[in-house]
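Heads up, the thing below is written out as structure tokens.
Sequence lines set the chain letters: A, B, ... in the order given, protein chains first and strands last, and positions in each chain run from 1.
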Amino acid sequence: MFHPVGELDFIAIYKHILTFWDEHKCFQTLVEKNGSGPRFSFLDGPITANNPMGVHHGWGRTLKDLYQRYYAMRGFHQRYQNGFDCQGLWVEVEVEKDLGLNSKREIENYGLEKFSRKCRERVNKFSQIQTQQSISLGQWMDWPNSYYTMSDTNIESIWYFLKVCHERGWLYLGHRAMPWCSRCETSLSQHEMLETYYEVTHKAVYVRFPIKERPGESLLVWTTTPWTLPANVAAAVHPELEYLRIQAGEHILIVGAETVHRVGTEGKDYRVLGKCFGKDLLGLHYDGPFDDLEAAKNIDHRVIAWDMVGSQEGTGIVHIAPGCGQEDFELSGVENLPIIQPVDETGTYLEGFGEFTGKRVQDLQQAIFADLKRKGVRFKTESYTHRYPSCWRCGEELIFRLVDEWFISSEEIRPQMREANSKVRWVPSHVQKRMDDWLVNMGDWCISRKRYWGLPLPFYPCKACGHLNVIGSLEELRERATEPFDLPELHRPWIDAVKIRCEKCGETVTRITDVGDCWLDAGIVPFSTMKYFEDREYWKDWFPADLVLEMRAQLRCWFYSLLFMSVALEKTAPYKCVMTHEKVLAEDGREMHKSWGNAIWFDEAVEKMGPDVVRWMYLGQATTEPLRFGYGPSREIKRKFLQFWNVYSFFVLYAQEDKPGLVYDRVPQENTRLLDRWLISRVNSADALIRASVENYEVRKAVIAIENLWEDLSNWYVRRNRRRFWKEETGPDKIAGYQTLYYTLTTVCRLMAPFVPFISEHIYQNLVRSLDPSAPESIHHTPYPVCDPGLVHTTLEEGVAMVQRVVSVGLAARNAAGQKVRQPLACAMLVVPEELRETIRQFEQDIVEELNVKETQFLDDPGPYIRRHVALDMKSLKSRLGKEAGAIRKAWEEVNQDDAYDALSMGNEFLLDLPSGLVAITPDDVRLAMEGTEGYSAASEKGVTVVLDLTLTPELIAEGRCRELVRKLQIMRKDAGLEVSDRIRLHLFRGEIMDDIVNRFKDFIAAETLAVELTREAPGQDCFVRDIEVGNDTGLVGLVKVA
RNA sequence: GGGCCUAUAGCUCAGUUUUGGUUAGAGCGCACGCCUGAUAAGCGUGAGGUCAGUGGUUCAAGUCCACUUAGGCCCA
């Protein structure tokens, strides 16, 4: 039979169950069991195997596991392939830190071969750690079969993709200004700019550009990046904006009309001389601030038109340096501007920049300012706070510089991607529009990185003939290589040694040294991991994925690269549905931050809360809102589980005694009570709701449905049925009760199983497997329960809900009258909806017991028993009617409250006759209250009114005192340290009340307190003794355990 | 400057679409109490809301529409 149930210990349970699954190979059994089932294709987004997992990873992983487990219980065959993202700057930067390296030069000195080995080691180490962490969260995956984006297969698949792009003419080497990290010495692509903008305060400078054609007059230009001034070639104005010619001190300046206030303090120290439009300034020439430098010597600085110039920004005149900004660079094409590239990869000034040469951008500010001052063109400086991008990896502020990078053109594919996106189901739906916005705005995809540990781009540009050779596979590389090779892996530096023959001219060609954007690595996985090249039939079975699920930030990373590559290769989206979730915050609503002390580590969360609690926290949260993760919420969750656990514990406690013949997976049919059928109905209607919610990606709804089921099970079914299980004999009624509870507990566990795999397995093992060894070995091998509509009784569920409300309202009426529940009352009169009377009548006994009344009656009209009272809401009246409110209050004292109540409670207005005329009082102006008339107490809520008859007969009073006495005896039993089943001898000594009560209720008292002997003699030395007070009487009581 | 999301009790959040409809709900916290055969558990009652604001549609708006404000996210 069952094992006794101890305390709820999530940690012990999960550890035990993990071992159990492992020893019994439960996951493998599941995969085999569903091997011939319909397919559910889930595609796992690769997690970067670079650090231990954080709690923010747990959300997605829990959702992923929920869906895989749910569809597994529904018999679906799945791949269960986990993925690791292995390449790119992420890994390099961490390895650099470990090795104490701090630049590309240091890496090269260290040796690329050793460096690549270290990167691989790191990935291997953390993929193992992350695997263990995921297992502890309960994730079931085919772990040994995880894919790694650094694998040769993955790399070759990307090569194929790149070759396809090349064949379509999409691939090109671009020369552009890119956001650049001078520490990592690489550019950042558009999607790497995500979450890289921070509030930064910079020193901004106003600089004069003296106009050649107008001696003594200058353009005033403002910039937050003074280091770019040596690269200035032009000044841009908006042709349609108004500009002012002003006298400021000794200078005459040209400034935008709307920004002129910046020139001085509140406009006091300048004088307007004239005005003009931007177009009037076009073509003017000016002296650049650094014309003395070799690199800027022959530049012809002029004023150009640009309609992106904002009227509020800076001075309305924009400094243009095409070598230092993307928009500036684009403008240089339109305006045919020269381009000055001031810095190298490390942000160091190149030759030709005088004293700046050899210095880094970050260290130059003072020198530039000093130089500008010396030349007399520095107008003023100011601190300026704005959002500025920094490197997402190392935190270094980014600069913009001109670089050669490889791009995939997005013009041709853009409409196809938008079309494909329109067929995808996004959860939540508005993300689809986000994706479309992103696609509309996406620039060409910059795929090259000037780094080491990454996908080697298979580009072999021929210096002799200019032809670009793109290799599409390892086999092709072998065929075209100048000599045979043996590579340990497709990575730098090994691959760099391979040279090929140009297919055009036959010249020997070397690979470019660039590696690829890591989103290429991740975007190819629907092909590389689904046997696109080896087994097309298999691929067709699994592509496109039914579900992809990641945090929303993946929109322009993984979701984007997946879509791009899949549309390029197959003209279709690789996913049918994409579910996204928001980010995880600390309990206080802020980001988790080590230094703020609000961070919780993943391992710590699992070890302290238990994985089931962690999962419940994730699954109970709307995926559209950030999750607040913390110990406070986890305690609340544990309490909810405890409610269910206690029912389980209660059931096992009694079932072990009585050993009723229980049958797994059978709905009790015979001898059931109405409340049994109600519970069975609740389970089945919840089942339907849970399934629908999960399948519609409304996981939270399912979680709430389960919690409500726990609540009804514990707080109504068990509460109302407890005495049924105390009975000595085990008759048909009791057996039906057991089977109902058994059916419910095991079914609810199976409903919960995909959500909380550990605790549900634990209970299943005890309730099902220990009883029926032929049942499936694991709860996760059982089919997900199917709602039987024939067992759902809507009227019954509504009726019980109404009974629950009657009880609640009745207790409120008791509370209002100050009558404790233990004092029996004669009658509760109920006003309830006509159509539910019949159902409610069947539960009269429940109402009678819960409210402790002798009987219930239905009432058509509570009128004679209640007094209505309408209180004015003076605030509302004052705001609506002003001064009249006082007069209304006076007049209100004369109003018949019943009439007013009736009118207002129906939502109508009530007309009040004032000397000044009729005033309409609306339901918003009042508060409706109800109280019992003399001798009655009443309360009302949502269509239910309960009137209690408060009249106490001597008989009722005596019974109340008896219950009081019994209660105090029970406390004594507990204080005496007795077990609940211990039998006692009871001494009721002294006190008149005893005589009366004992005479009337002797049997009742004996039964309730398990007294086998009840005596009026004085308690002896062996007794636990106490003076107690009942009503106005006191007495001496003793009790002692008897054998 | 453009787009998307959010705003409900002290706190954390349901409810809002499909389908506008009685007195807007829960948990936590707080106050008071009950129960004592689930017991280092369980339960009840209460206080606490101008449903961000304004306007509109409607017999009827927390719910639909428009605008405004505040916060968040994204783009530029």
Checklist entry - Do A:W519 and A:Y560 make the cut of ring centroids closer than 6.0 angstrom? => result no
Checklist entry - Between A:G620 and A:R700, what is the shortest heavy-atom contact and its length? => result O-NH1, 2.9 Å
Checklist entry - On a whole-Å scale, what distance lies between the P atoms belonging to B:G46 and B:A52? => result 25 Å
Checklist outcome for this item: CD of A:Q432 to OG1 of A:T580, rounded to nearest 0.5 Å, is 12.0 Å
Checklist entry - What integer distance in Å separates A:K583:NZ from B:C73:C1'? => result 8 Å
Item to check | Parallel, tilted or perpendicular: rings of A:Y654 and A:F650 (30°, 60°) | outcome: tilted
Checklist entry - Taking the same atom, C1', in B:C4 and in B:G55, what whole-Å distance lies between them? => result 24 Å
Item to check | P gap between B:G10 and B:G49, integer Å | outcome: 6 Å
Checklist entry - Taking the C1' atom of each, how far is B:U63 from B:G21, in whole Å? => result 11 Å
Checklist entry - What is the distance from CE of A:M617 to C1' of B:U12, rounded to the nearest Å? => result 12 Å
Checklist entry - Please, what dot-bracket string fits RNA chain B when only Watson-Crick and G-U pairs with both distances under 3.5 Å count, crossing ones use [ ] and pairs to another strand use |? => result (((((((..((((.......[...)))).(((((.......))))).....(((((..]....)))))))))))).
Next on the checklist: Does the plane of the ring in A:F641 sit parallel, tilted or perpendicular to the ring in A:F10? Use 30° and 60° as the thresholds.
Outcome noted: perpendicular
Checklist entry - What does A:R973 touch in the nucleic acid at a heavy-atom separation under 4.0 angstrom: a base, only the sugar-phosphate, or nothing? => result nothing
Checklist entry - Could you write nucleotides 24-36 of chain B as a row of B, S and -, 5' to 3', where a protein heavy atom under 4.0 Å of any base atom gives B, of only sugar-phosphate atoms gives S, and otherwise -? => result -S-SS----SSSB
Checklist entry - Of the non-hydrogen atoms in A:L948 and A:A828, which two are nearest, and what is the gap between them? => result CD2-CB, 3.7 Å
Checklist outcome for this item: Here the salt bridge (Lys or Arg N to Asp or Glu O under 4.0 Å) pairs for residues 813-824 of chain A, sequence neighbours left out, are A:R822-A:E964
Item to check | Counterpart residues, ring-ring contact (aromatic ring centres under 6.0 Å, His included), relative to A:Y742 (two or more places apart) | outcome: A:F651
Next on the checklist: Using a distance-only criterion (donor-acceptor N/O pair, under 3.5 Å, no hydrogens), is the base of B:A41 paired with the side chain of A:S649?
Outcome noted: no
Checklist entry - When every nucleotide of nucleotides 2-11 of chain B is labelled 5' to 3' by its protein contacts under 4.0 Å (heavy atoms), B for base, S for sugar-phosphate only, - for none, what sequence of letters results? => result -BBSS-----
Checklist entry - What's the CG-P distance between A:N646 and B:A40, to the nearest Å? => result 10 Å
Item to check | Nearest-Å distance for atom pair CH2/P, residues A:W645 and B:G42 | outcome: 15 Å
Item to check | Atom C1', compared across B:A70 and B:C64: separation rounded to whole Å | outcome: 23 Å
Checklist entry - B:U8 and B:U12: how far apart are their C1' atoms, nearest whole angstrom? => result 12 Å
Checklist entry - Starting at NZ of A:K701 and ending at P of B:C13, how long is that distance when rounded to a whole Å? => result 19 Å
Next on the checklist: Heavy atoms only, 4.0 Å cut-off, all strands: where does A:A622 land among base, sugar-phosphate and nothing?
Outcome noted: sugar-phosphate
Checklist entry - For A:E850 and A:W716, does a side-chain donor sit closer than 3.5 Å to a side-chain acceptor? => result no
Next on the checklist: Taking the P atom in each of B:A61 and B:U17, what is the distance between them to the nearest angstrom?
Outcome noted: 15 Å
Next on the checklist: Students often get this wrong, so: under 4.0 angstrom with heavy atoms, is A:V647 touching a base, only sugar-phosphate, or nothing?
Outcome noted: base
Item to check | C1' atoms of B:U69 and B:U54, separation to the nearest Å | outcome: 10 Å
Next on the checklist: For A:L642 and A:L627, find the nucleotide of RNA chain B closest to each by heavy atoms; which residue's nucleotide sits nearer the 5' end?
Outcome noted: A:L627
Checklist entry - Expressed in angstrom and rounded to an integer, what is the separation of A:L653 atom CG from B:G42 atom P? => result 16 Å
Next on the checklist: One pair to check against salt bridge (charged side-chain N to carboxylate O under 4.0 Å, His left out): A:E591 and A:K583. What are the steps and the verdict?
Outcome noted: CA-CA 9 Å; A:E591 302 267 350; A:K583 57 183 164 187; 3.0 Å; yes
Item to check | Pairing of A:R723 and A:E1008 as salt bridge, 4.0 angstrom limit | outcome: yes
Checklist entry - What's the NZ-C1' distance between A:K638 and B:A41, to the nearest Å? => result 12 Å
Checklist entry - Using a cut-off of 4.0 Å on non-hydrogen atoms, how would the nucleic acid contact of A:L1010 be classed: base, sugar-phosphate, or nothing? => result base
Next on the checklist: Quick check on RNA chain B: between A:E587 and A:E591, whose nearest nucleotide comes earlier from the 5' end?
Outcome noted: A:E587
Next on the checklist: With a 4.0 Å cutoff (strictly under), does any side-chain N or O of A:S714 reach OP1 or OP2 of B:G42?
Outcome noted: no
Checklist entry - When you check the side-chain N and O atoms of A:Y717 and A:D712, is any donor under 3.5 Å from an acceptor? => result no
Listed pairs under 3.5 Å, donor-acceptor, residues 624-637 of chain A side chains, sequence neighbours left out:
| unit_1 | atom_1 | unit_2 | atom_2 | d |
| --- | --- | --- | --- | --- |
| A:Y631 | OH | A:E604 | OE2 | 2.8 |
| A:S634 | OG | A:Y631 | O | 2.9 |

Checklist outcome for this item: Between CD1 of A:I706 and P of B:A14 the distance, given in whole Å, is 17 Å
